[in-house]
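Fair warning: this is a prediction, and the values are worked out from it, not measured in the lab. Residue numbers start from 1 in every chain, and the chains themselves are labelled A, B, ... in the order their sequence lines are given, proteins ahead of strands.
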There are 2 protein chains.
Amino acid sequence: MATHDPAGTSTAERVEQAALRLFALRGFEGTGIRSIADEAGITLGSLYHYIGTKEDLLDRLMQKSMRGLLDPGREIVEATESPRGRIVKLVELHVRRHAEDNLLSIVGDAEIRSLTPARRRKAVALRDAYEALWEEAISDGSRQGDFHVPDVKLATFALLEMCSGVAYWYSSNGRLSLDAITKAFVEMTLSLLGVEPLASKPDAGPGGRLRRGAHP
Amino acid sequence: MATHDPAGTSTAERVEQAALRLFALRGFEGTGIRSIADEAGITLGSLYHYIGTKEDLLDRLMQKSMRGLLDPGREIVEATESPRGRIVKLVELHVRRHAEDNLLSIVGDAEIRSLTPARRRKAVALRDAYEALWEEAISDGSRQGDFHVPDVKLATFALLEMCSGVAYWYSSNGRLSLDAITKAFVEMTLSLLGVEPLASKPDAGPGGRLRRGAHP
DNA sequence: CTATAGCGATCGATCGACCGATAGATGGAC
DNA sequence: GTCCATCTATCGGTCGATCGATCGCTATAG
């Protein structure tokens with residue numbers, strides 16, 4: 001029975017959400033399968049109708065987390081020419097996902113080490129492919145003279161880490177809206193990259209590049 | 001016996017180092033006490049001559065990690081007047097420690113959740129006190145018109161997270177020296193904070209603020 | 001319309017392995 | 001002789017995982 005319950009959540013989905021919450025809160029090793037079953041509202045024996053092993057469950061969440069960044073990230077890169085446009089959209093994607101799907105992002109970022117070698121290798125490959133999108137955008141922007149950073153690789157790591165942190169403190173009823181947070185991270189990113197302010201509409205003043213991001 | 005062995009490392013120190021390595025690599029919950037004893041070169045029974053419980057061991061490392069940031073951080077704040085000088089020295093401290101003591105930093109940053117409530121509260125208080133040093137410097141700098149950020153709290157989190165990431169990839173025989181890395185992170189920090197380039201000696205050109213940090 | 005065979009979902013009970021922690025015996029240093 | 005360090009052996013509990021039985025639903029044969 002129960003293809004779906006009154007609330008519209010199937011047991012399989014409840015299992016996945018339960019595991020996600022617990023893995024994000026206590027970590028993979030710190031979470032027992034009995035806790036997962038409890039959180040999902042079923043017994044231990046029933047849990048194993050939905051999962052292969054505990055690690056299968058983690059692996060599925062991991063893939064979901066990484067695919068949710070890599071696939072849209074690739075679309076952005078294909079669709080956007082300028083390095084500046086690319087990095088802006090990559091930051092927006094990264095921050096939004098780390099806020100809206102913060103639990104999945106935490107698990108994706110922190111639990112790679114809990115995978116056994118074969119699966120860990122695949123997860124690392126996905127992560128590396130995603131990071132390469134950022135590095136390429138920053139590298140291109142630097143070569144074109146649009147970005148000015150002390151080192152491309154360091155800037156890549158710095159920006160990725162900075163944007164990932166959102167997952168650990170974001171709350172949907174916090175002081176700032178997600179839009180405001182995203183906008184702020186885009187501004188900080190462009191500032192870190194040493195981008196001249198967009199010469200679109202504003203009166204940039206004679207010297208240019210003044211007080212970007214100040215909130216008077 | 002063995003107040004110290006030929007290599008100058010006491011058993012107590014070997015135990016602590018073993019736990020540190022394993023906690024950083026596999027996490028607190030993912031590390032068994034038998035692994036710690038093995039890594040320290042003693043048996044399980046002997047291990048308990050040096051530790052109270054497994055959590056005592058984590059707590060000691062935790063305190064060490066946080067004190068190593070908070071105490072020097074407070075000295076910096078007391079000794080340095082300008083927000084800019086403070087943030088530069090805080091970044092240097094944070095990056096150096098996260099590189100040189102990367103394992104301790106990883107444990108300190110990631111394993112707060114593994115502490116039981118009473119100890120966790122104390123650890124969180126230390127972390128908050130440390131973060132407050134950063135926030136105050138950034139806040140002061142913004143109020144004085146020296147920094148220009150979209151939001152003080154967001155900039156604080158962004159910078160702390162960005163600098164903490166160093167612990168996960170730093171290697172003493174990597175491409176860049178620790179000095180170079182530290183210098184780059186200071187530059188990226190000042191850029192993110194929207195600091196005008198230091199008006200000390202250089203020919204800043206008519207427009208000022210050009211290509212800071214570029215390595216031509 | 002009814003009887004029943006099949007099937008997916010769930011259950012309680014249990015497996016061997018490993019967990020953190022303790023006890024008691026042994027040995028060497030001073 | 002005392003004391004600290006270390007050992008071996010073992011404790012009760014929890015871990016991840018599996019088992020066979022049962023439940024309720026559905027499809028179909030008569």
Practice prompt. Take atom CG of A:Leu22 and atom P of D:dC15, then tell me their distance rounded to the nearest Å.
Written response: 12 Å

Item to complete: Measure from the side chain of B:Ser46, starting at C-beta and using heavy atoms only, and say which of D:dC7, C:dT14, C:dA21 lies closest.
Response: D:dC7

Discussion item. So if I take residues 57-65 of chain B and measure heavy-atom distances to DNA chain C, which residues fall below 4.0 Å?
Written reply: none

Fill in: Options D:dG16, D:dT8, C:dG12, nucleotide nearest the side-chain atoms of A:Arg34
D:dG16

Practice prompt. Starting from C1' on C:dA17, measure out to NZ on A:Lys54 and report it in whole angstrom.
Written response: 15 Å

Worksheet entry | Atom CZ of A:Arg26 with >12 non-hydrogen neighbours under 6.0 angstrom | no

Worksheet item: Across the strands shown, which category fits B:Gly32 at heavy-atom distances under 4.0 angstrom: base, sugar-phosphate, nothing?
Response: sugar-phosphate

Discussion item. With a 4.0 Å limit, can you tell me whether A:Tyr48 has a side-chain N or O closer than that to the phosphate oxygens OP1/OP2 of D:dA17?
Written reply: yes

Worksheet item: Of all the nucleotides listed (D:dA17, D:dT8, C:dC11), which has the minimum atom distance to the side chain of A:Ile33?
Response: D:dA17

Worksheet item: Under 4.0 Å between a Lys/Arg side-chain N and an Asp/Glu carboxylate O for A:Asp56 and A:Arg119?
Response: yes

Worksheet entry | Pairwise side-chain contact, A:Arg96 with A:Asp179, heavy-atom cut-off 4.5 Å (strictly under) | yes

Item to complete: Using the test ring pair (Phe, Tyr, Trp, His ring centres under 6.0 Å), find all partners of B:His94 that sit at least two apart in sequence or belong to another chain.
Response: B:His98, B:Tyr130, B:Trp134

Practice prompt. Please name the pair of heavy atoms, one in A:Ser191 and one in B:Gly194, separated by the smallest distance, quoted to 0.1 Å.
Written response: OG-N, 4.0 Å

Fill in: B:Tyr50 side chain, from C-beta outward: closest of D:dA5, C:dG12, D:dA17
D:dA5

Worksheet item: Whole Å only: how far is the CZ atom of A:Arg14 from the P atom of C:dA9?
Response: 13 Å

Item to complete: Could you state the atom-to-atom distance from CD of A:Glu29 to P of C:dC18 in whole Å?
Response: 15 Å

Response to the item:
Heavy atoms of A:Glu29 and A:Ser114 approach each other most closely as OE2-OG, 3.7 Å

Practice prompt. Using whole Å, report how far CG of B:Asp56 lies from P of C:dG20.
Written response: 14 Å

Worksheet item: B:Leu44 near the nucleic acid: base, sugar-phosphate alone, or nothing, with a heavy-atom cut-off under 4.0 Å?
Response: base

Discussion item. Please report the distance, rounded to the nearest Å, between CG in B:Asp38 and P in C:dC19.
Written reply: 10 Å

Fill in: Minimum heavy-atom distance between B:Ile87 and B:Ala137, given as atom pair plus value
CD1-CB, 4.1 Å

Item to complete: Remember a base hit wins even if backbone is also touched, and classify A:Ser35 as base, sugar-phosphate or nothing at under 4.0 Å, heavy atoms.
Response: nothing

Item to complete: Could you state the atom-to-atom distance from CD1 of A:Ile36 to C1' of D:dA17 in whole Å?
Response: 13 Å

